[in-house]
Amino acid sequence: MILGAGLVGLAIAAEAYSRGASVLLVDETRPGEASPAGAGMLAPGAESEELPNDPVRNFAVAGRDLYPAFLSALRDETGIDVPFDRNGILELVEDGQEALRPPGSEWVDARTLRELEPGLRTFSGAVRHPRDGAVDNVVLLSAMRRRAESRRSITLVRAGARAVNVTLARPRAILDDRDVVEGGSLVIATGAWAAQLAGLPRPIPVRPVRGQLLMLEGALTRHVIYGGGGYVVPRRSPERTVVGATMEEAGFESQSTPAGLAELTAVRRRVFQDSASAHVVSHWAGLRPMTPDRLPILGPDPERPRLLYACGHGRNGILLAPITGEAIGAMAVGAPSPHDLSMLSIQRFARDT
Ligand SMILES: Cc1cc2nc3c(=O)[nH]c(=O)nc-3n(C[C@H](O)[C@H](O)[C@H](O)COP(=O)(O)OP(=O)(O)OC[C@H]3O[C@@H](n4cnc5c(N)ncnc54)[C@H](O)[C@@H]3O)c2cc1C
């Protein structure tokens with residue numbers, strides 16, 4: 001049984017299903033869900049400051065490198081070709097700024113940068129993360145939902161879960177209408193809301209961090225660009241440019257705001273020579289599920305091994321959804337995880353909670 005059907009819960013469901021399990025997915029639509037709100041970058045290189053050590057970095061790189069096979073299987077099963085960009089990400093460097101160069105990245109000088117992206121303001125160069133890129137997370141989410149809905153052994157229950165009971169041989173979830181559902185294991189994949197469930201054996205240190213994005217008409221770059229205090233992600237069909245993102249402590253408030261729009265407009269001005277003519281198509285916000293060290297919580301509860309955590313993916317949950325699916329989907333059916341999750345265990349917070 002999986003609580004939450006964002007990209008993380010759906011990836012776990014797909015893996016458990018592919019291993020022959022019957023899956024119960026419990027999900028309620030909530031304003032601020034992160035998976036449809038994100039920008040879709042697959043950026044272990046550009047996000048390397050968020051990834052503090054080699055095991056975590058290797059896990060994120062492995063997550064990115066699962067994407068081609070993951071999307072190809074999804075296409076075979078649904079007929080949906082999810083837009084996927086492996087052009088590399090360019091991280092802009094201003095005059096006098098130190099450039100962080102994680103392994104595998106390369107330096108692009110000012111002239112080459114101008115040739116690659118003529119619409120940008122002048123920068124002293126860029127660090128190119130050649131294997132990073134982006135996926136259209138909105139199309140991805142709808143394809144994954146469609147696949148889950150079409151599988152007879154995946155049952156999607158449209159309801160909120162208010163509490164869990166993991167002291168029994170078969171863990172249970174108590175739904176808002178007081179119905180009770182149970183399964184051989186119970187996975188918490190409820191994004192920014194993970195801490196709210198009653199009956200957990202320990203607190204889950206996940207809180208919402210709001211992010212606002214705006215979308216401009218036209219694809220203004222060929223590459224995903226990091227810089228100007230934010231990032232820019234081109235989308236094809238229809239051609240659009242996503243500009244992001246704020247990082248705000250605003251509780252569960254998931255509306256976009258005039259201050260957020262102003263911050264994103266400033267990013268756009270700092271990146272482009274002339275973006276003023278590009279019309280704003282939309283502006284929205286979502287809630288990142290954030291932990292104190294900004295890394296996800298993955299794996300079993302140390303005392304209740306039928307309870308599995310798959311939450312707190314923070315800024316990189318789209319990147320990490322397929323690899324989380326592989327790892328937690330295996331464990332949900334009693335198999336070992338194919339990936340080492342020890343550095344992401346909830347036990348690392350034992351001192352704080
Ligand atoms: C503005 C922004 C930009 C981002 N950009 C990127 C990016 O470029 N790259 C990247 O990798 N990541 C990015 N992220 C992060 C990424 O979107 C998230 O980490 C990821 O989507 C988390 O997925 P999830 O399935 O855990 O959560 P969600 O997508 O929030 O899904 C959780 C689901 O559980 C449901 N739910 C919650 N509580 C309950 C309950 N009690 N009962 C039933 N259902 C419940 C919710 O309604 C929701 O459907 C971004 C996020 C934001 C907000």
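If you're wondering where the values come from, they're calculated on a predicted model, not measured in any experiment. Counting starts at 1 for both ligands and their atoms, following the listed order.
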Heavy-atom check, side chain of Ile12 versus side chain of Thr324, under 4.5 Å
yes
Shortest protein heavy-atom distance from atom 51 (C) of ligand 1, along with the residue and atom involved:
Arg288 CG, 3.6 Å
Could you name the option among Leu25, Thr29, Ile188, Asp27 that has the heavy atom nearest to atom 49 (O) of ligand 1?
Asp27
Taking atom 29 (O) of ligand 1 as the reference point, the nearest protein heavy atom with its distance:
Ser35 OG, 2.5 Å
Side chains of Gln212 and Thr257: closer than 4.5 Å at any heavy-atom pair?
yes
Would you mind running through ligand 1 and noting each atom that sits below 4.0 Å from a heavy atom of Gly160?
42 (N), 43 (C)
Checking heavy-atom distances from atom 45 (C) of ligand 1 to each of Val8, Thr190, Leu141, the winner is Thr190
Ranked by distance from atom 9 (N) of ligand 1, the top protein heavy atom is Met41 O, 2.9 Å
With sequence neighbours left out, which residue pairs that include part of residues 141-150 fulfil the salt bridge (charged side-chain N to carboxylate O under 4.0 Å, His left out) condition?
Glu77-Arg147
Closest to atom 19 (O) of ligand 1 among Gly314, Gly244, Ala34 (heavy-atom distance)
Gly314
Remaining members of the apolar cluster that contains Ile225, side-chain heavy atoms under 4.5 Å
Leu90, Leu92, Val108, Leu113, Leu116, Leu120, Phe123, Leu214, Leu216, Leu220, Val232, Val243, Leu261, Leu264, Val267, Val271, Phe272, Val280
Quick check: closest heavy atoms across Ala39 and Val242, and the distance to 0.1 Å?
CB-CG1, 4.3 Å
4.5 Å side-chain heavy-atom contact, Arg128 and Thr112
no
Shortest protein heavy-atom distance from atom 6 (C) of ligand 1, along with the residue and atom involved:
Arg315 O, 3.6 Å
Using distance alone, determine whether Val209 and ligand 1 share an N or O pair under 3.5 Å.
no
Do any N/O atoms on Trp193 end up under 3.5 angstrom from N/O atoms on ligand 1?
no
Tell me the protein heavy atom at minimum distance from atom 40 (C) of ligand 1, and give that distance in Å.
Arg30 NH2, 3.5 Å
Restricting to non-hydrogen atoms, name the atom on Leu25 and the atom on Ala5 that form the minimum distance, rounded to 0.1 Å.
CD2-CB, 3.9 Å
Given side chains that start at C-beta, do those of Phe59 and Val61 come closer than 4.5 Å, heavy atoms only?
no
What protein heavy atom lies closest to atom 27 (O) of ligand 1? Include the residue and the distance to one decimal.
Gly191 CA, 3.5 Å
Ranking Ala192, Ala173, Ala159 by closest non-hydrogen atom to atom 43 (C) of ligand 1, top hit is Ala159
Taking N or O atoms only and a 3.5 Å limit, does Gly9 qualify as a polar contact for ligand 1?
no
Just distances here: any N/O of Gly40 and N/O of ligand 1 closer than 3.5 Å?
yes
Could you check atom 20 (C) of ligand 1 against the protein and tell me its nearest heavy-atom contact, residue, atom and distance included?
Gly317 CA, 3.8 Å
Met331 to Pro300 - nearest heavy-atom pair and separation
CE-CD, 3.5 Å
Measure across Asp132 and Pro44 and return the closest heavy-atom pair with its distance rounded to 0.1 Å.
OD1-CD, 3.3 Å
So the atoms of ligand 1 within less than 4.0 Å of a heavy atom of Gly286 turn out to be 53 (C)
Could you go through the side-chain hydrogen bond (donor to acceptor under 3.5 Å, both in side chains) check for Ser124 and Glu94 one step at a time?
CA-CA 6 Å; Ser124 61; Glu94 306 264 5; over 6 Å; no
Determine, for Glu117 against Arg114, whether the closest basic-nitrogen to carboxylate-oxygen distance falls under 4.0 angstrom.
no
Closest protein heavy atom to atom 5 (N) of ligand 1, given as residue, atom name and distance to 0.1 Å:
Ala39 N, 3.1 Å
State the atoms of ligand 1, each with its element, that fall below the 4.0 Å cut-off from a heavy-atom position in Gly6.
25 (O), 29 (O), 31 (O), 33 (C)
Report yes or no: does a heavy atom of Leu7 sit under 4.0 Å from some atom of ligand 1?
yes
Hey, is ligand 1 close enough to Ala161 that some N/O pair sits below 3.5 Å?
yes
I need the single residue from Leu197, Val187, Leu175 that forms a side-chain contact (heavy atoms from CB on, under 4.5 Å) with Leu3. Which is it?
Leu197
